[in-house]
Amino acid sequence: MFIVLKNNPDPVQLESLKSWLTSKDIQIHTSEGTTTTVLGLVGDTSTIDIDIIAALGIVEDVKRIQEPFKNANRKFHPDDTVIKVGNTQIGGGNLTIMAGPCSVETEEQMVTVAKAVKASGATMLRGGAFKPRSSPYAFQGLGKEGLRLLSLAKKETGLPVISEIMEVSQLPLFDDVDIFQVGARNMQNFNLLSVLGKQDKPVLIKRGLSSTYEELLMSAEYVMASGNAQVILCERGIRTFETYTRNILDIGAIPALKKLSHLPVIIDPSHATGKWDLVPSTAMAAVAAGADGLLIEVHNDPEKALCDGPQSLKVDTFDELAQKLLAVHGFMQELEEGSS
C-alpha cells in the first residue's frame, strides 16, 4: 500500500499517522519528490482501513498494491485447497455433484430424490430447510423438521448433506449437516460468517446478486480469519438488465476466481438460469471451464414443488445430465494431461 500526501502536510498530523501505522507493525518508507511525498507501507496491510486514511486532511490518495484478502489469496497459498467431506472431496481434480430439492418438503420426497441422485453419481445431497424468500407469503421452509428429514435421507443413502443457514441462532440445529451454505443474500452477513469461521465444518458461500469477485473473496476471508480454512466459493449468477433468465451465469468467474484464490469453485446453474431446460448446457459449460463441482436442484415432481419448481430437474433428466457431466470432466482431464 502507498499513501500520497498533499503538499506541505501538517507535521503533527503526519507524525500521528506514522505513529498509528507503526503501532500496526507496518514499516514506512518515505519517498520525497519535488512536489509530492509518498509513504510506502510494508507489512500486513490487510487490517488497514483505506477509508480512514483517505479521510485525513493531509492525504491526497491511497492505493493498495496487493489484494486485501490474505488467507484466500493464491499468492500466499499456491496449491489448490482440497476439502474432505465424508468419503468424498471437493477440489483436487475431483468433480463434486451436489444434488437435491430446493426445499425439503416430505420424507417420501427427500428419500426418493436422495436415492435417485446417489444412483446417478451425486456425491452430496442438498436440501433447504430454511428458505429466504423475496415474498413474506411464500413458503419459508420446514425449519427444524426439514433438517430432521434431511438427516433421515442422509442415513438412508450415506450421502453427506449441505443446507443453508440464515442466522447464528440456527446453529445448534445444524449438528447433522456436513456443509453450511451461506446464501447470496447473506454473503455479507459478517457476523454470521465470523461465527461460522469458528466451526469445524466447511462453509459454502454463494456470490451476492451484484457482488464483485473481491467482495466474494472478502466474505471468504471473514470465515478464514476466524480460523476456518474450509471455504468453498459458489457462483450462482448475478443480476443484470436481462430478464429472460433468472440471473446471468458468470462462467468467467471460474477461471478468474481460480487465478485469484486457491479455494474450490462450485457452480449453481439452477439459480443462475431459473429454467430447468437451460441447466444441462450451462452445467456442462461450467465443468469445461474448470469448476470443481455443481449444485443442482432435483425434484421427483417439479410441477408440485413448493419452491423453485421451474428450475428443478426431474430425476431421469438429472441422471442423463450426470453421465454427461462426468464424461465432460473426464475429457477435460485427458486434455489437461495431454498438454502437460
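Residues: numbered from 1 along the sequence shown. Values below: every heavy atom of this structure, side chains too, minus hydrogens, waters and symmetry copies. Since we're looking at a predicted model, the values are computed, not measured.
No more than 12 heavy atoms of other residues, nucleotides or ligands lie within 6.0 Å of CG in D25, so this atom counts as exposed by the packing criterion. Shown here is K201, whose NZ atom has more than 12 heavy atoms of other residues, nucleotides or ligands within 6.0 Å. No more than 12 heavy-atom neighbours from other residues, nucleotides or ligands sit within 6.0 angstrom of CG on N87. Environment of NZ in K155: sparse, with no more than 12 heavy atoms of neighbouring residues, nucleotides or ligands closer than 6.0 Å. Counting non-hydrogen atoms of other residues, nucleotides and ligands closer than 6.0 Å to CZ of F331 gives a total of 12 or fewer.
Taking hydrophobic clusters as Ile, Leu, Val, Met, Phe, Trp and Tyr residues chained together by side-chain heavy-atom distances below 4.5 Å, F180 shares a cluster with L147. Linking Ile, Leu, Val, Met, Phe, Trp and Tyr residues whenever their side-chain heavy atoms come within less than 4.5 Å leaves V203 and V85 in two separate clusters. In terms of hydrophobic clustering, with Ile, Leu, Val, Met, Phe, Trp and Tyr side chains grouped at heavy-atom distances under 4.5 Å, L295 and M166 are assigned to different clusters. Under the 4.5 Å side-chain heavy-atom criterion for ILVMFWY residues, a single connected hydrophobic cluster contains both L313 and L326. Hydrophobic clustering places L233 together with L260 (ILVMFWY residues linked when any side-chain heavy atoms are closer than 4.5 Å, directly or through intermediates).
Counting heavy atoms from C-beta outward, K70 and M224 have side chains that stay 4.5 Å or more apart. Here the side chains of R207 and E215 are not in contact, with every heavy-atom distance at 4.5 Å or above. Side-chain atoms of I3 and L56, non-hydrogen and from C-beta on, never get closer than 4.5 Å to each other. Looking only at side-chain heavy atoms (C-beta outward), L171 and Q199 come within less than 4.5 Å of each other. Considering only heavy atoms from C-beta on, V223 stays 4.5 Å or farther from Q230 through its side chain. Side chains of M284 and L321 form a contact here, defined as non-hydrogen atoms less than 4.5 Å apart. Side-chain contact between S226 and K198 is present, with at least one heavy-atom pair separated by less than 4.5 Å. In this structure, the side chains of D292 and D80 stay at 4.5 Å or more apart for every pair of heavy atoms.
A donor-acceptor contact shorter than 3.5 Å is absent between the side chain of H299 and the backbone of V113. Without hydrogens or angle criteria, Q109 side chain to V111 main chain gives no donor-acceptor distance under 3.5 Å. Not a single donor-acceptor pair under 3.5 Å links the side chain of D268 to the backbone N or O of C234. Side chain of S23 to backbone of W20: a donor-acceptor contact under 3.5 angstrom is found. Of the possible donor and acceptor atoms, one in the side chain of T157 sits under 3.5 Å from a partner among the backbone N and O of A153. Checking side-chain atoms of Q89 against main-chain N and O of T96 turns up no donor-acceptor pair under 3.5 Å. Judged purely by atom type and a 3.5 angstrom limit, S194 uses its side chain to pair as donor or acceptor with the backbone of F190. Between the side chain of K154 and the backbone N or O of L125, no donor-acceptor pair lies under 3.5 Å. In this structure a side-chain-to-backbone donor-acceptor pair under 3.5 Å is present from Q333 to G93. Between the side chain of N71 and the backbone N or O of E221 there is no donor-acceptor pair closer than 3.5 Å.
By the 4.0 Å N-to-carboxylate-O rule, K18 lies too far from E15 to be salt-bridged with it. Under the 4.0 Å criterion applied to side-chain N and carboxylate O atoms, E303 and K314 are assigned as salt-bridge partners. For the pair D308 and R246, the salt-bridge criterion is met [side-chain N within less than 4.0 Å of a carboxylate O].
Closest of all the heavy-atom pairs between S312 and W276 is O-CB, 3.5 Å. Here the closest heavy-atom approach between residue F174 and residue S163 is recorded as CE2-O, 3.8 Å. Minimum heavy-atom separation, H77 to T81: CE1-OG1, 3.8 Å. S103 approaches C307 most closely through the heavy-atom pair OG-CB, 3.3 Å. Across all non-hydrogen atoms, the minimal contact from T37 to T30 is CG2-CG2, 3.9 Å. The minimum heavy-atom distance between I162 and L150, with the atom names listed, is O-CD2, 4.4 Å.
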Go through I179 and I90 one step at a time and tell me if the side-chain contact (heavy atoms from CB on, under 4.5 Å) criterion holds. CA-CA 11 Å; I179 297 181; I90 303 170; 3.8 Å; yes

Please walk me through it: do N247 and I238 pass side-chain contact (heavy atoms from CB on, under 4.5 Å)? CA-CA 5 Å; N247 297 291; I238 54 176; 6.0 Å; no

List the steps, then state whether side-chain contact (heavy atoms from CB on, under 4.5 Å) holds for T317 with D277. CA-CA 10 Å; T317 305; D277 56 331; over 6 Å; no

Can you list the steps and then say if H271 with K206 is a side-chain contact (heavy atoms from CB on, under 4.5 Å)? CA-CA 11 Å; H271 278 92; K206 286 194 169 186; 3.6 Å; yes

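Note: T112 OG1 to N300 CG = 5.5 Å, rounded to the nearest 0.5 Å. For the atom pair L5 CG and L39 CG, the distance stands at 4.5 Å (nearest 0.5 Å). From D319, atom CG reaches atom CD of Q323 across 5.0 Å, with rounding to the nearest 0.5 Å. Rounding to the nearest 0.5 Å gives a distance of 5.5 Å between CG of N186 and CG of L192. A distance of 11.5 Å separates OG1 in T245 from CD in Q311, rounded to the nearest 0.5 Å. A distance of 11.0 Å separates CD1 of I296 from CD1 of I267, quoted to the nearest 0.5 Å.
Under 3.5 Å, the side chains of E167 and S169 contain a donor-acceptor pair of N or O atoms.
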